[in-house]
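What follows is one structure encoded as structure tokens, with my remarks underneath.
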Amino acid sequence: MQYFLAVAREGSFTRAADALHMTQPPLSRQIKDLEEELRTPLFDRSGRRVTLTEEGLLFRERAQEAVDLFESIRLEMSAGSESVCGEIRIACGETEAVSLIADAARGLRADHGSVTFRLLSGDGDFVQESLQRGAADLGLLVTGSVDGEAYDFLELPSKDRWGVLMGEGCALASHPSVTRDDLAAMPLILPYRAARSSDLMAWFGADKDDLDVVATYDLAYNASRFAREGVGLAVALDGIVDVGPGTGLVFRPLSPALETNLFVVWRKHQRLPRAAQALVRALRTNATPKA
């Protein structure tokens, strides 16, 4: 898989062989054996540059995850039974609550300097898919509840607040908050996952079927650019996008207020790497109210 990833990265068997400090024939043979084992071609060799087939694109993602996982296991096993080291892979939704994880991570590194972190970003579906296929050790979910049969979890002592990002020249920018009636006839930019079904859509009530949704998004920063240019109003969580002076943006909370819970989750019946266990302990300590 490391040989395969090198060829995919370099786009050439010759350059990949040079990067791996080996000759090309054995590298080509290894890739051919891999393709025969998988019973599918991974590379299109017809052009001047070697490119990935559709199957190769899928395999590259899985191969990178497998190589990363093996390296994490190797580091943990070689470090001894009590050592806390290696990489913690965290799949995160967009939320200001990442700062809580960052604070725990800073404290963990103060005690265990060899611990590193891999941050994977996406929506809630991405977080759960990353956990299910073993690409992430921990996930940060912005959701009303967690499936207790699939995950162990820790609820964080924080909530995210929904509101609207808009250009500073928008008429609603002068309002202290935004109501359902304010948004009824406005072009909206909604988070893709929430636009299908969520507490957010329930907030709109009977008006949800009549909303003028002009765009959906996965990343709030990109949605904020559309909002700033006047394409629509971006419904988003507070604290993700900078709305300070000079940004051309303002944020106004929804009214009535809509908040959502935050959970750190991991697969049930899965033994977490020691470093991930240590991070969960640090988060749990921070989440426990002080007497």
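The CZ atom of Phe226 sits 12.5 Å away from atom OH of Tyr221, with the distance rounded to the nearest 0.5 Å. One finds the OH atom of Tyr217 at 7.5 Å from the CG atom of Leu190 (value rounded to the nearest 0.5 Å). Between the CZ atom in Arg29 and the CG atom in Asp33 there is a gap of 4.5 Å [rounded to 0.5 Å]. One finds the NE2 atom of His175 at 8.5 Å from the SG atom of Cys170 (value rounded to the nearest 0.5 Å).
Val250 is not listed as a side-chain neighbour of Val243, based on a closest heavy-atom distance of 4.5 Å or more. Here the side chains of Leu254 and Leu183 are in contact, with some heavy-atom distance below 4.5 Å. Contact annotation: the side chain of Leu279 approaches that of Phe117 to within less than 4.5 Å [non-hydrogen atoms, C-beta and beyond]. In this structure, the side chains of Asn261 and Glu155 come closer than 4.5 Å at one or more pairs of heavy atoms. The shortest distance between side-chain heavy atoms of Leu172 and Val164 does not fall below 4.5 Å. Considering only heavy atoms from C-beta on, Leu138 stays 4.5 Å or farther from Val265 through its side chain. Side-chain contact between Leu233 and Leu165: absent, with no pair of heavy atoms (C-beta onward) separated by less than 4.5 Å. Using a 4.5 Å heavy-atom cutoff, the side chains of Thr260 and Arg161 are not in contact.
At a threshold of 4.0 Å, the pair Arg180-Asp207 does not count as salt-bridged, since none of the basic side-chain nitrogens sits closer than that to a carboxylate oxygen. With salt bridges taken as basic N to acidic carboxylate O contacts below 4.0 Å, none links Arg39 and Glu55. Using a cutoff of 4.0 Å between basic side-chain nitrogens and carboxylate oxygens, Arg15 and Asp18 are not scored as salt-bridged.
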Checklist entry - For Val98 and Leu140, what are the C-alpha separation, side-chain angles and deciding distance, and is it a side chain to side chain contact (heavy atoms under 4.5 Å, CB included)? => result CA-CA 8 Å; Val98 169; Leu140 176 57; 3.7 Å; yes
Next on the checklist: Pair Leu108, Ile88 - check side chain to side chain contact (heavy atoms under 4.5 Å, CB included), show working.
Outcome noted: CA-CA 11 Å; Leu108 183 60; Ile88 305 174; 3.8 Å; yes
Next on the checklist: Please determine whether side chain to side chain contact (heavy atoms under 4.5 Å, CB included) holds for the pair Glu35 and Glu37, giving the CA-CA distance in whole Å, both sets of side-chain angles, and the decisive distance to 0.1 Å.
Outcome noted: CA-CA 5 Å; Glu35 290 176 319; Glu37 182 177 354; over 6 Å; no
Item to check | Candidate pair Ile189 and Val235, rule side chain to side chain contact (heavy atoms under 4.5 Å, CB included), full reasoning | outcome: CA-CA 6 Å; Ile189 304 169; Val235 181; over 6 Å; no
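Looking at residues two or more places apart in sequence or on another chain, you find a side chain to side chain donor-acceptor pair (under 3.5 Å) between Gln24 and Thr14. In this structure, the side-chain contact (heavy atoms from CB on, under 4.5 Å) partners of Ser130, at least two apart in sequence or on a different chain, are Ala91, Phe126, Arg133, Ala135, Ala136. Residues passing the side-chain contact (heavy atoms from CB on, under 4.5 Å) test with Ser255 are Ser177, Thr179, sequence neighbours excluded. Residues satisfying the side-chain contact (heavy atoms from CB on, under 4.5 Å) criterion with Gln132, sequence neighbours excluded, are Tyr151, Arg267.
In summary, the side chains of Asp44 and Thr53 do not present any donor paired with an acceptor at a separation below 3.5 Å, with no hydrogens or angles considered.
Contact detail for Leu249 and Ser224: the closest heavy-atom pair is CD2-O, 3.6 Å. Listed here is the closest heavy atom pair of Val146 and Phe263: CG2-CG, 3.4 Å. Residues Ser158 and Leu100 come closest through the heavy atom pair CB-CD1, 3.8 Å. Counting all heavy atoms, side chain and backbone alike, Ala220 lies closest to Glu94 at N-OE1, 2.6 Å. Here the closest heavy-atom approach between residue Ala275 and residue Val84 is recorded as CA-CG1, 3.7 Å. Minimum interatomic distance between Gly139 and Val127 (heavy atoms only, all atoms of both residues): CA-CG1, 3.7 Å.
Checked by atom type and distance alone, the side chain of Lys159 never pairs as donor or acceptor with a backbone atom of Leu262 at under 3.5 Å. With Arg284 contributing its side chain and Leu154 its backbone, the two residues share no donor-acceptor pair below 3.5 Å. Side chain of Arg118 to backbone of Ile90: no donor-acceptor contact under 3.5 angstrom is found. A donor-acceptor contact shorter than 3.5 Å links the side chain of Asp137 to the backbone of Arg89. Glu259 places no side-chain N or O within donor-acceptor distance of the main-chain N or O of Asp160, the cut-off being under 3.5 Å. Although no hydrogens or angles enter the test, the distance criterion places no donor-acceptor pair under 3.5 Å between the side chain of Glu65 and the main chain of Gly134.
Val231 and Leu211 end up in different hydrophobic clusters when Ile, Leu, Val, Met, Phe, Trp and Tyr side chains are linked at under 4.5 Å. No continuous path of ILVMFWY side-chain contacts below 4.5 Å connects Leu156 to Leu131, so the two sit in separate hydrophobic clusters. Linking Ile, Leu, Val, Met, Phe, Trp and Tyr whenever their side-chain heavy atoms come within less than 4.5 Å puts Val241 and Leu237 in one cluster. Val178 and Leu258 end up in the same hydrophobic cluster when Ile, Leu, Val, Met, Phe, Trp and Tyr side chains are linked at under 4.5 Å.
Side-chain contacts under 4.5 Å among hydrophobic residues (ILVMFWY), followed directly or transitively, place Leu57 together with Met1, Tyr3, Phe4, Leu5, Val7, Phe13, Leu20, Met22, Leu27, Ile31, Leu34, Leu38, Leu42, Phe43, Val50, Leu52, Phe59, Val67. Residue Leu219 shares its hydrophobic cluster (ILVMFWY side chains chained together at separations under 4.5 Å) with no other residue.
No option in Asp123, Leu200, Asp218 other than Leu200 meets the side-chain contact (heavy atoms from CB on, under 4.5 Å) test with Pro191.
Other residues, nucleotides and ligands place no more than 12 heavy atoms under 6.0 Å from the CD atom of Gln2. Enclosure of atom NZ in Lys32 is not indicated, since only 12 or fewer non-hydrogen atoms of other residues, nucleotides or ligands lie within 6.0 angstrom.
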